[in-house]
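The sequence lines fix the lettering, A, B, ..., with proteins before strands; numbering per chain opens at 1.
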Amino acid sequence: MSTGLFLVQALNGLQLGILLFLVAAGLTLVFGVMDFINLAHGVQYMLGAYLGAALAAATGSFWLGLLWALPAALIFGLLLEVLVFRHLYDRDHLSQVLATFGVILFLNQAVKAIWGAAPLQVPVPALLEDGVVLMPGLQYPLYRIAVLCAGIATALGLWFLVERTRLGMLVRAGATNAPMVSALGVDIRRLFMLVFAFGAMLAGFAGVLAGPIFSVEPGMGDHVLILAFVVIVIGGIGSIRGAFIAALIVGLTDTLGKSLMPDLMRLFLDPSAARQTGAALASMLVYIAMAAILAFRPRGLFPARSG
Amino acid sequence: MPRLRLDVALTLLVLAALALAPLLGFGANHYLTLFARIMILAAAAVSLSFLVGGAGLASLGHAAAMGVGAYAVAILDAHRLTDITIVLPVAIVAAALFSLLTGAIAIRTEGVNFIMITLAFGQMAFFTASSLAPYGGDDGYTLYDRTEIFGLRLMENRLFFHYLCLGFLLFCWGFCAMLLASRFGRVLRAARENPLRVQAVGFAPYPFRLLAYVIAGTLAGLAGVLFANATEFVAPAYMGWQRSGELIFMVILGGLGRLSGAILGAVLFVLLETWLPNLTTHWKMIFGPLLILAVLFMRGGLIGFLGARRG
Amino acid sequence: MAEALLSVQGLRKHYGGLAVTNDVSLEVLPGEIHALIGPNGAGKTTLIHQITGTVAPDAGRVVFAGTDITRLSLPRRVQAGLARSFQITSIIAGFSVLENVALAAQAQSGSSFGFLRPAAGETVLNDAARNALNEVGLADRAMIIAGALSHGEKRALEIAIALATRPRLLLLDEPLAGAGPEETERLIALLRRLKSRYAILLVEHDMQAVFALADRISVLAEGRIIASGGTTEIRASDEVRAAYLGEEEIPC
């Protein structure tokens with residue numbers, strides 16, 4: 001593989017990592033603070049993509065679509081919290097897995113019922129249509145660079161929010177020791193709702209950003225969800241820093257693996273078999289990485305909970 | 001304990017109904033196909049219930065072990081090896097070995113990480129199956145023949161197959177119940193509730209849990225052999241996390257902590273999944289909320305619900 | 001002097017810069033009650049964790065019945081005859097009282113990789129369990145679900161579980177914690193009955209109980225043993241008074 005192609009794949013990997021981080025950040029906070037497994041976090045990403053696509057089509061502008069999709073995703077997250085999730089906080093993990101699995105079934109199908117099963121195309125906004133010349137003869141889409149920057153900016157903002165503000169301190173304390181925070185007189189339910197809605201919005205944001213890059217289709221959240229879980233488990237549940245590093249690891253591993261593995265397989269197999277086997281092996285790489293990391297560090301790279 | 005008798009009685013009633021169904025006019029092929037699906041998934045759910053409710057190991061990768069059994073049938077079929085004397089040992093060894101290797105790592109973790117790592121192993125199995133180009137890859141593999149029993153094509157006899165599945169389900173139920181009541185099962189049950197206490201009387205829970213994981217995985221693998229024969233088809237989706245989620249759902253729907261619950265849950269699940277699509281193509285929009293409502297309002301599952309009704 | 005059954009030699013444990021266990025040595029002789037006391041935060045719990053094998057010491061040795069057990073896991077130590085009870089009641093709430101104890105008996109009687117016979121029907125285990133329950137006065141509660149016992153009864157059940165592991169030494173971590181006055185009296189009587197047959201390392205806050213039961217007392221403060229000796233010696237020690245000052249009075 002040429003250096004140029006490698007560079008492109010590495011950028012793609014980083015960008016997948018950033019999107020994963022936006023999804024995983026909410027997931028890990030919800031998990032860390034509320035000890036709540038939310039499988040439906042992936043459909044919130046999907047919903048963001050659909051809302052972004054639909055609103056962009058309705059307003060005729062990607063930017064207006066983005067602007068409206070964020071509060072819509074937030075409100076939707078709140079709605080789900082009030083209707084379903086808050087009744088599950090004191091239940092065991094399996095019950096949470098199941099009920100949120102029900103939410104996935106419903107929303108995947110609802111999206112199909114409303115927008116049809118065929119993928120939606122979201123045009124890249126005109127402002128970012130051009131490419132950037134990485135090196136002579138090699139262009140990289142400006143939109144993807146923008147996604148990378150927006151993701152990094154959000155990550156920095158989030159880091160600031162969690163590490164440097166009072167609210168963030170409560171959230172961090174909640175991730176380490178929820179009963180203590182509650183004993184300090186903080187309205188833990190309100191805090192939960194806030195974290196939850198915020199996480200939903202981040203996932204929705206990732207969905208809107210992903211719209212023009214990946215196809216917007218029912219079930220698109222499922223794959224991302226599983227990868228996001230891999231991210232938070234590798235990173236250590238409840239840790240934003242862990243989620244960021246793990247997201248980049250997962251994004252890079254997945255993307256580079258998918259472009260390198262078929263080439264590697266071609267050394268052993270005929271081309272068509274190499275493509276299929278290589279792709280499947282590449283998909284396995286992140287899970288192998290996760291199993292390997294958990295085998296040596298059963299609580300992830302940066303465990304937030306001390307107890 | 002009247003509750004115990006009620007759920008066992010109800011389960012026995014269901015099994016009796018399944019035993020008599022072909023004789024009572026439900027012998028048509030589409031009924032038998034449905035029954036086979038119910039019984040095979042119920043058997044897999046029982047093995048999962050043993051693992052989750054008995055040993056406290058909430059695996060979200062149980063379908064993978066089942067899929068290993070199914071793929072053993074498919075891969076041997078591609079090489080024209082269809083006799084049970086080969087298929088059965090290979091499937092058992094493959095499922096047991098898969099469970100042993102994944103379990104050895106997974107059981108080192110706890111709680112949610114265990115759920116996630118079993119899910120990851122399930123996904124690995126899923127993608128491995130997708131990569132098996134000679135055996136159908138993504139598209140799955142259609143069997144040439146059902147498994148033969150000492151050279152006889154008994155499995156193609158629908159009635160024989162029906163009672164074979166029923167027998168296997170009964171075996172799983174009885175076997176898991178026996179294990180849970182034994183010394184081995186007592187350590188498992190104790191370790192589920194209070195692992196520290198178990199260590200403090202002199203047991204290391206790890207080997208007990210690992211063995212339970214291997215046993216449950218092997219039973220699931222056997223269920224996979226039957227499933228492959230029932231559908232005469234094997235696909236990566238058999239191993240996916242959605243299928244694992246469905247198995248978990250059956251266990252919880254029926255009532256965690258009772259093996260019979262898994263059977264009742266599987267019956268209800270498959271019936272719903274078969275009946276709802278008749279109502280609307282968007283049946284999952286009904287199924288999803290039903291699932292949520294079941295979790296929210298039927299604590300203890302069907303059995304808990306029935307028990308509460310009576311009490 | 002008799003050979004020590006348990007001998008802790010120069011144990012050290014640091015958490016960051018904090019020495020939680022600082023060169024601790026102590027011995028428990030066969031048939032004696034050796035009490036370990038000390039103000040809150042003295043490092044008693046960490047010390048017990050190191051003796052029972054849930055925390056690994058940075059340095060030092062734990063020798064039990066002549067064997068170095070410093071590197072053994074908790075289950076292996078229990079099998080060697082070192083039983084413990086927990087400060088916070090640790091029983092299997094969903095099991096019957098009998099099955100709680102029978103589980104412990106099972107660890108001492110043949111392999112637990114038995115799959116065919118129902119364990120509840122094994123007379124060997126049930127008899128051993130009933131004997132242990134008899135000793136602590138819970139025989140008539142055998143068939144009750146353990147979670148339904150009163151607090152004092154749960155404390156007694158913990159001791160029965162420990163006894164069923166056929167220990168040579170009992171490590172009792174605040175066996176009286178949370179018990180009412182009547183229950184306390186009953187538990188003290190029970191410990192007195194056990195005293196001749198088992199060596200006991202007793203960690204306890206109830207000073208009255210400690211002085212009534214113990215043959216020897218070691219005082220732990222800030223990770224170090226600051227005094228060790230008979231009850232009269234300890235009562236008279238100024239250092240002990242200083243360590244306890246402001247926390248609780250030593251009854252004289």
Side-chain angles (χ1 to χ4, degrees), chain A residues 31 35 37 39 83-84 87-88 91-110 112-113 222 225-227 229-230 232-234 237 265 269 272-292 294-300, chain B residues 52-53 58 60 101-102 104-117 119-134 137-138 236 240-242 244-246 248-249 251-253 256 280-297 299:
Chain A
F31 200 101
D35 198 25
I37 306 191
L39 291 192
L83 281 179
V84 182
H87 309 290
L88 294 164
R91 303 288 296 274
D92 58 294
H93 286 146
L94 272 186
S95 300
Q96 298 168 352
V97 163
L98 272 185
T100 52
F101 185 55
V103 175
I104 295 184
L105 287 180
F106 177 79
L107 285 178
N108 273 343
Q109 195 66 49
K112 228 181 267 183
D222 295 4
L225 166 80
I226 302 288
L227 283 183
F229 265 116
V230 170
I232 73 170
V233 169
I234 289 180
I237 285 161
M265 283 299 116
L269 299 167
S272 84
R275 205 174 329 113
Q276 196 167 19
T277 310
L281 283 180
S283 305
M284 279 170 68
L285 274 182
V286 293
Y287 300 106
I288 293 172
M290 164 168 155
L294 282 191
F296 294 102
R297 304 193 55 138
R299 293 168 61 232
Chain B
V52 184
L60 199 50
L101 292 177
T102 57
I105 296 174
I107 292 170
R108 282 171 42 84
T109 66
E110 272 177 10
V112 108
N113 281 352
F114 180 80
I115 297 183
M116 288 304 142
I117 199 166
L119 184 145
F121 283 128
Q123 290 302 96
M124 281 188 217
F126 172 84
F127 287 118
T128 307
S130 312
S131 77
L132 296 174
D138 283 330
W241 68 277
Q242 286 92 343
S244 292
E246 287 169 11
I248 289 270
F249 180 43
V251 170
I252 306 248
L253 180 67
L256 190 62
T280 158
T281 47
H282 299 304
W283 63 278
K284 282 184 181 163
M285 287 181 73
I286 305 173
F287 196 64
L290 273 182
L291 220 168
I292 299 168
L293 290 176
V295 173
L296 289 184
F297 296 110
R299 292 199 185 202

- Note on the structure: Closest non-hydrogen contact found for B/M285 with A/F106 is O-CD1, 3.2 Å
- Please flag which part of B/T281 lies under 4.5 Å from any non-hydrogen atom of chain A: side chain, backbone, both or neither. backbone
- Note on the structure: When the 4.5 angstrom heavy-atom criterion is applied to A/L39 and chain B, the contacting part is side chain
- Where does B/I115 contact chain A at under 4.5 Å (heavy atoms): side chain, backbone, both or neither? side chain
- Task: Kindly indicate whether the side chain of A/M290, heavy atoms from C-beta on, has any atom under 4.5 Å from the side chain of B/M116.
- Result: yes
- Message: Heavy-atom pairs under 4.5 Å with chain A: which of B/P289, B/G111, B/G245, B/A125 has the most?
- Response: B/P289
- Message: Between B/L296 and chain A, with a heavy-atom cut-off of 4.5 Å, which part of the residue counts as in contact: side chain, backbone, both or neither?
- Response: both
- Max heavy-atom pair count under 4.5 Å with chain A, selected residue of B/V52, B/N113, B/L119: B/N113
- Any idea which of B/I117, B/I248, B/I292, B/L253 has the most non-hydrogen atom pairs under 4.5 angstrom with chain A? B/I292
- Grab the two heavy atoms, one from A/A291 and one from B/M124, that are nearest each other, plus how far apart they are. CB-CE, 3.8 Å
Throw together a table of side-chain donor-acceptor distances under 3.5 angstrom for residues 278-288 of chain A, partners on residues two or more places apart or in other chains.
| from | atom 1 | to | atom 2 | distance (Å) |
| --- | --- | --- | --- | --- |
| A/S283 | OG | A/A279 | O | 3.0 |

- Task: Work out which heavy atom in A/D222 is nearest to a heavy atom in B/Q242; give both atom names and the distance.
- Result: OD2-NE2, 3.8 Å
- With a 4.5 Å limit on heavy-atom distance, are the side chains of A/R91 and B/V295 in contact? yes
- Task: Report the distance from atom CG of B/L60 to atom CD1 of A/I37, rounding to the nearest 0.5 Å.
- Result: 8.5 Å
- Message: If I measure from the heavy atoms of chain B, does A/I104 come under 4.5 Å with its side chain, its backbone, both, or neither?
- Response: side chain
- Task: Give, for atom CD1 of B/I107 and atom OG1 of B/T102, the distance between the pair rounded to the nearest 0.5 Å.
- Result: 8.0 Å
- Query: Quick one: of A/L88, A/V103, A/I226, who has the most non-hydrogen atom pairs under 4.5 Å with chain B?
  - Reply: A/I226
- Per-residue contact mode, A/L225 against chain B (heavy atom under 4.5 angstrom): side chain
- Message: So, using side chain to side chain contact (heavy atoms under 4.5 Å, CB included) as the criterion, who are the partners of A/A292 when residues are at least two apart?
- Response: none
- Message: Heavy-atom cut-off 4.5 Å, strictly under: side chain, backbone, both or neither for B/F126 against chain A?
- Response: neither
- Any idea which of A/L105, A/L98, A/V233 has the most non-hydrogen atom pairs under 4.5 angstrom with chain B? A/L98
- Task: Measure B/E110 against the heavy atoms of chain A and call it side chain, backbone, both or neither at under 4.5 Å.
- Result: neither
